Amino acid sequence: MTDTDADNFLRNAFNDRVREWTRQNGRVLFDIADIEAHDSAGKVCTFQYRNKTCQKLCATYTKDGGHLNEPAGNWWPEAFMPSLRP
């Protein structure tokens, strides 16, 4: 177990609560955490913590395990806001 695993476990718990609240209240959630936990081939990036499988930010999108790297950071605006493209 590492501090990163513990931090990611807490993020997963928070994300699960947000998802549940969204379902219970008939809302729409743009789930960036879930999107960032899938690689470009659609494979889920996970780790085990306290006998639970948790999602994590895929290694190809980060340089430090917690923040988007430059290619991934540039991809988001282009993918979801085409009007920002030059």
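The structure presented is a predicted model; accordingly, all values stated were derived computationally and were not measured.
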A.B. asks: Answer yes when K56 and D7 have at least one side-chain N-carboxylate O distance shorter than 4.0 Å, and no when they do not.
C.D. replies: no
A.B. asks: Check whether any side-chain heavy atom of L68 sits under 4.5 Å from a side-chain heavy atom of E36, and report yes or no.
C.D. replies: yes
A.B. asks: For residues F14 and L29: do they belong to one hydrophobic cluster (side chain heavy atoms under 4.5 Å, members Ile, Leu, Val, Met, Phe, Trp, Tyr)?
C.D. replies: yes
A.B. asks: Indicate whether any N or O donor in one side chain lies under 3.5 Å from an N or O acceptor in the other, for D34 and Q55.
C.D. replies: yes
A.B. asks: Looking only at heavy atoms, what is the nearest atom pair of W21 and R27, with distance?
C.D. replies: CZ3-CG, 3.6 Å
A.B. asks: Run the salt bridge (Lys or Arg N to Asp or Glu O under 4.0 Å) test on K52 and D16 for me, step by step, so that the C-alpha distance in whole Å, both residues' side-chain angles and the decisive distance to 0.1 Å come before the verdict.
C.D. replies: CA-CA 13 Å; K52 181 178 179 184; D16 288 345; 3.2 Å; yes
A.B. asks: Write down the atom of F9, the atom of F47, and the distance for their closest heavy-atom approach.
C.D. replies: N-CZ, 3.8 Å
A.B. asks: To the closest 0.5 Å, what do you measure between OG1 (T22) and CZ (R17)?
C.D. replies: 12.5 Å
A.B. asks: Nearest 0.5 Å please: distance from the OG1 atom of T53 over to the CG atom of N12.
C.D. replies: 10.0 Å
A.B. asks: Heavy-atom distance under 4.5 Å between the side chains of I32 and F30, does that happen here?
C.D. replies: yes
A.B. asks: Give a yes or no on whether the backbone of H67 and the side-chain of T62 come within a donor-acceptor separation of less than 3.5 Å.
C.D. replies: yes
A.B. asks: Just one of D39, I35, T46 clears the side chain to side chain contact (heavy atoms under 4.5 Å, CB included) bar with C58, so which one?
C.D. replies: D39
A.B. asks: Check S40 against Y61 and note the closest heavy-atom contact, atom names and distance.
C.D. replies: N-OH, 3.3 Å
A.B. asks: Any salt bridge between R23 and E20, counting N to O under 4.0 Å?
C.D. replies: yes
A.B. asks: For the side chain of N69 and the backbone of T60, is there at least one donor-acceptor N/O pair under 3.5 Å apart?
C.D. replies: yes
